[in-house]
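One structure below.
Every chain is numbered from 1 and lettered A, B, ... according to where its sequence line falls, protein lines coming before strand lines. Hydrogens, waters and symmetry mates play no part in the numbers below; they use all other heavy atoms, side chains included.
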There are 2 protein chains.
Amino acid sequence: MNTTSEQTAAEMPDVSELLCFSIYSAGHAFNQLYRPMLDEIGLTYPQYLVMVALWSRDGRTVKELGELLFLDSSTLTPLLKRMEAGGLITRTRNLQDERQVLLHLTAEGTALKQRAASVTGCIGDAIGIDADTALKIRTAIDALRDSIHKRRR
Amino acid sequence: MNTTSEQTAAEMPDVSELLCFSIYSAGHAFNQLYRPMLDEIGLTYPQYLVMVALWSRDGRTVKELGELLFLDSSTLTPLLKRMEAGGLITRTRNLQDERQVLLHLTAEGTALKQRAASVTGCIGDAIGIDADTALKIRTAIDALRDSIHKRRR
DNA sequence: GGCGATTTGTTTGTGCGCGATCTAAATAGA
DNA sequence: TCTATTTAGATCGCGCACAAACAAATCGCC
């Protein structure tokens, strides 16, 4: 008996027993649940998250948005360009610091919030759990995520 | 007061309050946690899940694998081809039903299990939660995912 | 002021992930 | 038997997601 990788074949758990797989597949399920509703307002799921972030506070920088969504600028730049091309947001350099790009909602982007509100409501109905249970799950997962991020530093 | 989308601006929750976002970002965190370890054995995270599935039962069809992992053939076919090119698995048509493709581990693919065992162990240490808590989270998320899948039928 | 280090965002290349569409094999029915 | 339907995979197009490499602006420090 030792602590190296010389383990018996029986020690590899089934894929369905991995916590990471539960989260992985639940993420896909949410994506698929949102897709048809978001299709109707012309958003992808990550774009929807960007809009939610900007609806709550307009004029963020790419970096701020990335820290909020845990996404890299190399993911956000093309995504934001597509949203700009779609007329939802504007991307302008900050005149006080030309390194930064400021993100602002257009009138169209702001107006979309009303239509998106019903999507958010539908999701709540669809997942079929009460707010208290949802909060408990969310708290546990957020703690897990933050713990992982901490260990990656 | 009515039940249409005419809601006040205040009703859109912050992105960090969305359960779907917690799962979305935790999924990314897991992916980033696994990546450096899986890099060393030449696997991506979805490829690792395929390997775990085949280590527990070899000779699955693409369809069976897709049902287990909740992935479409349009995702799996190219992924499995890359794994075949990498010498981890073989893809052969089932002679009893030529529509099916059987997936079998190569000697190299089987051998990789030993090295992967330490990865799975490292993850357990890294996330820093006890098995009981992990099981509770997993059960809740799995129920959520299945509930979503049920409503999409 | 000048210059190296840091910060911010972009580009590039690779690999998912999925809807839509297609092909071939198997099956069901008349 | 012969055709219609179903099933299993493959292909295509698009949009993430991220590492690595890059460019430009700013900061720190003299």
Can you identify which nucleotide, out of D/dC16, D/dA10, D/dT26, has its nearest atom closest to the A/T44 side chain? D/dC16
Both A/S73 and A/Y24 contact DNA chain C. Which one's nearest nucleotide lies toward the 5' end? A/S73
If you check every side-chain atom of B/T75, which of D/dA17, C/dC16, C/dT10 has the closest atom? C/dC16
Under-3.5 Å donor-acceptor pair between B/S74 side chain and D/dG9 base: no
When you get a sec, tell me which of D/dA25, C/dA26, C/dT10 is the closest nucleotide to the side chain of A/D97? D/dA25
Closest listed nucleotide, where the reference is the side chain of B/R82 and the choices are D/dA10, D/dT26, C/dC16: C/dC16
Go through D/dG15, D/dG9, C/dG9 for me and flag the one nearest to the A/T61 side chain. C/dG9
Considering only D/dC16, C/dG19, C/dC16, which nucleotide approaches the side chain of A/L79 most closely? D/dC16
Could you please name the option among C/dT10, D/dA10, C/dC16 that lies closest to any side-chain atom of A/V101? C/dT10
More 5' along DNA chain D: B/R35 or A/E98, using each one's nearest nucleotide? B/R35
Ring center gap for A/Y24 and B/F70 short of 6.0 angstrom: no
Side chain of A/Q100 - closest among D/dA10, C/dT8, C/dT10: C/dT8
Whole Å only: how far is the NE2 atom of B/H28 from the C1' atom of C/dC16? 11 Å
Please confirm whether A/Y48 and A/Y34 have ring centers closer than 6.0 angstrom. yes
Taking the side chain as C-beta and beyond, is there a heavy-atom pair between B/L144 and B/I23 under 4.5 Å? yes
So if I take every side-chain heavy atom of B/R99 and compare against D/dT6, C/dC16, C/dT8, which nucleotide ends up nearest? D/dT6
Do A/L102 and A/V62 have side chains that approach each other closer than 4.5 Å (heavy atoms only, starting at C-beta)? no
